[in-house]
Enquirer: 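Take a look at this one; I'll ask things after.
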Amino acid sequence: GESVGLHLPTLSVQEGDNSIINCAYSNSASDYFIWYKQESGKGPQFIIDIRSNMDKRQGQRVTVLLNKTVKHLSLQIAATQPGDSAVYFCAENDSGGSNYKLTFGKGTLLTVNP
Amino acid sequence: KAGVTQTPRYLIKTRGQQVTLSCSPISGHRSVSWYQQTPGQGLQFLFEYFSETQRNKGNFPGRFSGRQFSNSRSEMNVSTLELGDSALYLCASSFSAGNYGYTFGSGTRLTVV
């Protein structure tokens, strides 16, 4: 059912460290996943996506890992910088279900300490 | 290439009023989705439009409606505003939704007093 209120997980890291943000998704039929970064006062910004026929995808300083067996997604940020401080959301989509919507996780607040 | 443009950025309305929000998608994108973001519920799907047709609607009351024009621009309307409608309303455009990337606008911050 719907949660009454959100308890936002937080992750605090030192500048230069690697960060790992985790996400459990709910729909086993989901086949497309996106990570977004949202800074205060802004809309979600696309970071990286992955389709279900892949286990891993790399971008610039970011890597997404997908484990379909346990319905788990992770975002790894290398050499975290203060500008990476934001809320990070995972989103899933069942493109075969023709529902044309993203279902978002609750988000994780990443704080990078200089 | 211009991004997703939402207007206005901020809006203050009184309970009982109605409001119309606008979204201009990225050129060439034909899918426009709307989401409501609140601290309590996070990001919740409102509806999605493609080629002027609503293809999916989220679990929101009938006071929330939308439409899409032939140039893919979209509007959403909320009638009889309630305090609980205060939120950040986000628009996302995509080439065709499904398994293509979605690009979000900066949102419209609606405050109902």
Side-chain angles (χ1 to χ4, degrees), chain A residues 1-10 23-27 29-54 57 59 62 64 66 86-109, chain B residues 3-7 9-10 21 23-26 29-51 53-60 66 68 74 84 87-109:
Chain A
E2 296 289 334
S3 58
V4 175
L6 286 180
H7 176 68
L8 202 60
T10 59
C23 176
Y25 63 92
S26 55
N27 185 358
S30 290
D31 59 357
Y32 181 59
F33 306 87
I34 311 175
W35 279 100
Y36 285 97
K37 170 187 179 183
Q38 187 174 27
E39 297 173 284
S40 181
K42 298 183 179 180
Q45 176 188 355
F46 174 92
I47 300 174
I48 192 168
D49 60 0
I50 188 169
R51 290 178 170 76
S52 59
N53 60 351
M54 301 174 71
R57 190 164 188 227
V62 295
V64 56
L66 174 63
V87 177
Y88 289 80
F89 294 95
C90 65
E92 60 181 296
N93 178 254
D94 170 17
S95 64
S98 299
N99 57 16
Y100 308 113
K101 71 175 186 180
L102 293 176
T103 300
F104 282 84
K106 296 179 179 180
T108 296
L109 173 62
Chain B
V4 179
T5 304
Q6 291 190 246
T7 55
R9 285 283 282 126
Y10 301 94
L21 312 181
C23 172
S24 293
I26 290 172
H29 284 192
R30 297 167 65 188
S31 167
V32 174
S33 306
W34 289 89
Y35 291 81
Q36 181 196 66
Q37 186 175 28
T38 60
Q41 297 297 322
L43 280 146
Q44 301 284 311
F45 172 77
L46 280 157
F47 23 66
E48 188 265 357
Y49 289 88
F50 182 86
S51 293
T53 299
Q54 185 184 89
R55 296 195 295 187
N56 196 8
K57 188 178 193 306
N59 188 25
F60 279 82
Q68 187 180 34
S74 177
L88 180 66
Y89 290 87
L90 292 160
C91 166
S93 82
S94 173
F95 179 70
S96 73
N99 61 358
Y100 290 90
Y102 296 70
T103 303
F104 281 84
S106 297
T108 294
R109 172 72 63 184

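Every chain is numbered from 1 and lettered A, B, ... according to where its sequence line falls, protein lines coming before strand lines.
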Enquirer: In this structure, is the centre-to-centre distance between the rings of B/F104 and A/Y36 below 6.0 Å?
Expert: yes

Enquirer: Kindly compute the distance separating OH (B/Y102) from CD1 (A/I34), expressed to the nearest 0.5 Å.
Expert: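 Between atom OH of B/Y102 and atom CD1 of A/I34 there are 6.5 Å.
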
Enquirer: Side chain, backbone, both or neither: which part of B/Y35 has a heavy atom under 4.5 Å from chain A?
Expert: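 Contact with chain A: side chain only.
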
Enquirer: Can you tell me if A/Y32 uses its side chain to pair, donor with acceptor, with the backbone of B/G101 under 3.5 Å?
Expert: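 Such a contact is found between A/Y32 side chain and B/G101 backbone.
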
Enquirer: If you round to the nearest 0.5 Å, how far is OG of B/S106 from CD of A/Q45?
Expert: 10.0 Å

Enquirer: Check each atom of B/Q6 against the heavy atoms of chain A and say whether the ones under 4.5 Å are side chain, backbone, both or neither.
Expert: neither

Enquirer: Using every non-hydrogen atom in the two residues, find where B/F45 and A/L102 come nearest and quote the distance to one decimal.
Expert: CB-O, 4.4 Å

Enquirer: If you measure from CD on B/Q44 to NZ on A/K101, what distance do you get to the nearest 0.5 Å?
Expert: 9.0 Å

Enquirer: With a 4.5 angstrom heavy-atom cut-off, could you sort out which part of B/R109 is near chain A: side chain, backbone, both or neither?
Expert: neither

Enquirer: Which heavy atom of A/P44 sits nearest a heavy atom of B/L90, and at what distance?
Expert: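 Closest pair (atom of A/P44, atom of B/L90, distance): CD-CD1, 3.7 Å.
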
Enquirer: Which pair of non-hydrogen atoms, one from B/L88 and one from A/K42, has the smallest distance, and what is that distance?
Expert: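 For B/L88 and A/K42, the tightest heavy-atom pair comes out as CD2-O, 4.5 Å.
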
